[in-house]
Amino acid sequence: MIGAAQDWLEARVPFDDAARRQSLPLLDHAAQALLDADPTGQAPLTVVDLGAGTGKSAAWFRHHLTPRLPDRHIRWLLVDAHEPSLEIASQHVADADTMVTHLSDLPTALGDYLPVHPAPGTLLLTCSAVLDVLTQDDVEAILKTLTTYQGLGLFLLSITADWNLEPADPRDNGLAQAFAEHQRQDGKLGAEGGQTMLRAARDHGVRATHGNSPWHLISPRDAEFTRRFLTERVAAAIEAAPELEEDALDWLKSRNQQAADHLTVTVDHCDVLVDARHDS
């Protein structure tokens, strides 16, 4: 994985945080499973944030998970293949350990960090906006880690192919398809990341459930972010389908004008909770 632009990660924080409010029922479910696994709170819990980026995902999980597990000792580990991002992340999540590794190597890498014979429910893997940039091998590595350690995984904000703009434009779907094609480059799962994780878990006989956590961008309140979001989507769509450039730029000009007044954009995300405890 290559770290996303830091200014983009910073710009999306308030919108991610608003979307993750819709993820709280899944977080509650995960927290209850962790409490059920260790009612006394004696076993330390290790939370590993995957594709940690600049640490904002782990900071969100820590802020919301810690009060739900008040008597549990929690160790935090930030994992990313992009070392400069982890240097920033460690500033946002005090006392967290960091690990530079590719997710396809996760089972081996964590083998040097976690107990050899862990108790069920003592590992939680988390991530935000990461599944779309993974490969099938990465998903298999994550599931192997969860089943080996009888852990839980809570994976939020995975982009899907669904977006809705009001007012509608007949070019919306074509641009969405071109963007989805761009996201699948180099074997990445793109918009299928969330569903791929869900299906793979169930294929392995592991319990999994899902939810949705869309962005709701409303103009003129969110005009600045909306313009940047649409500009970057168009750039990706043109890269995947250069023949769309003229129409795409005209569409973007129109949408940027609408963003000053009356444009709304809903961007869907898929959340996935995996529970690999053998007795779950």
Side-chain angles (χ1 to χ4, degrees), residues 1-24 26-28 30-31 33-35 38 41 43-103 105-107 109-115 118 121-134 138 141-142 145-146 149 151-158 213 269 271-274:
M1 295 173 58
I2 298 174
Q6 183 181 351
D7 63 333
W8 167 247
L9 296 177
E10 292 291 338
R12 62 179 287 167
V13 166
F15 303 96
D16 285 346
D17 285 349
R20 279 186 295 231
R21 283 199 289 269
Q22 300 161 92
S23 308
L24 291 175
L26 279 185
L27 181 69
D28 287 335
L34 294 168
L35 287 170
D38 182 25
L45 171 67
T46 300
V47 180
V48 182
D49 196 59
L50 308 174
T54 58
K56 295 303 178 66
S57 170
W60 185 90
F61 277 107
R62 184 169 66 173
H63 177 76
H64 290 279
L65 185 63
T66 301
R68 288 168 167 80
L69 302 171
D71 299 320
R72 198 76 177 268
H73 173 65
I74 303 176
R75 298 192 305 166
W76 295 87
L77 174 63
L78 311 182
V79 171
D80 205 296
H82 190 240
E83 188 169 5
S85 293
L86 284 178
E87 293 173 359
I88 299 170
S90 62
Q91 299 171 19
H92 291 147
V93 187
D95 302 323
D97 294 329
T98 60
M99 178 183 292
V100 180
T101 189
H102 294 281
L103 294 188
D105 298 326
L106 188 66
L110 286 184
D112 297 329
Y113 187 84
L114 297 174
T122 55
L123 172 67
L124 174 65
L125 303 184
T126 64
C127 72
S128 298
V130 168
L131 297 186
D132 60 301
V133 300
L134 301 187
D138 294 331
I142 290 171
T145 302
L146 289 174
Y149 292 96
L152 283 83
L154 184 53
F155 312 120
L156 307 182
L157 294 178
S158 298
S213 52
H269 299 107
D271 299 335
V272 180
L273 173 62
V274 177

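This chain uses plain numbering: 1 for the first residue, then up along the sequence.
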Of all the heavy-atom pairs spanning L9 and V13, show the shortest one and how long it is. O-CG2, 3.2 Å
Distance-minimising heavy-atom pair for L78 and A96: CG-CB, 4.0 Å
Identify, with sequence neighbours excluded, every residue that meets salt bridge (Lys or Arg N to Asp or Glu O under 4.0 Å) alongside R62. none
Counting C-beta onward and ignoring hydrogens, is there a side-chain heavy-atom pair between L152 and L154 closer than 4.5 Å? no
Close side-chain approach of L156 and H269, heavy atoms under 4.5 Å: no
Given side chains that start at C-beta, do those of L24 and R68 come closer than 4.5 Å, heavy atoms only? yes
With a 4.5 Å limit on heavy-atom distance, are the side chains of W76 and L65 in contact? yes
Rounding to 0.5 Å, atoms CG (L86) and OG1 (T98) come to a distance of 5.5 Å
Supply the atom-to-atom distance T122 OG1 to R72 CZ, rounded to the nearest 0.5 angstrom. 7.0 Å
Residue pair S57 / D49: nearest heavy atoms and the distance that separates them: OG-OD1, 3.1 Å
Measure from the side-chain N and O atoms of D271 to the backbone N and O of S158, and report whether any donor-acceptor pair falls under 3.5 Å. no
Given the rule in the side chain to side chain contact (heavy atoms under 4.5 Å, CB included) test, do D38 and L45 qualify, once you have shown the distances and angles that lead to the verdict? CA-CA 10 Å; D38 182 25; L45 171 67; over 6 Å; no
Tightest non-hydrogen contact, residues A81 and V100, listed as O-CG1, 3.9 Å
H64: which residues meet the ring-ring contact (aromatic ring centres under 6.0 Å, His included) condition with it, sequence neighbours left out? W60
Charged N to carboxylate O below 4.0 Å: is that the case for K56 and D16? no
For the residue pair L110 and T46, establish whether any side-chain heavy-atom pair is separated by less than 4.5 Å. no
As a quick check of understanding, evaluate side chain to side chain donor-acceptor pair (under 3.5 Å) for S85 and D80, giving each step before the final call. CA-CA 8 Å; S85 293; D80 205 296; 5.3 Å; no
Report yes if some heavy atom in the side chain of L114 is under 4.5 Å from a heavy atom in the side chain of R75; otherwise report no. yes
Please name the pair of heavy atoms, one in F61 and one in S128, separated by the smallest distance, quoted to 0.1 Å. CE1-OG, 3.7 Å
From L273 CG over to L26 CG, what is the distance, rounded to the nearest 0.5 angstrom? 5.5 Å
Nearest heavy-atom pair of A31 and L69: which atoms, and what distance? O-CD2, 3.7 Å
Enter the distance from M99:CE to L77:CG here, rounded to the nearest 0.5 Å. 5.0 Å
Under 3.5 Å: donor-acceptor pair, side chain of D71, backbone of G41: no
With rounding to the nearest 0.5 Å, note down the distance linking CZ in R12 to CG in L157. 6.5 Å
Minimum side-chain heavy-atom gap V48-Y113 below 4.5 Å: no
Do L50 and L106 have side chains that get closer than 4.5 Å, going by heavy atoms? yes
Hey, could you give me the CG/CG distance between L146 and L124, rounded to the nearest 0.5 Å? 9.0 Å
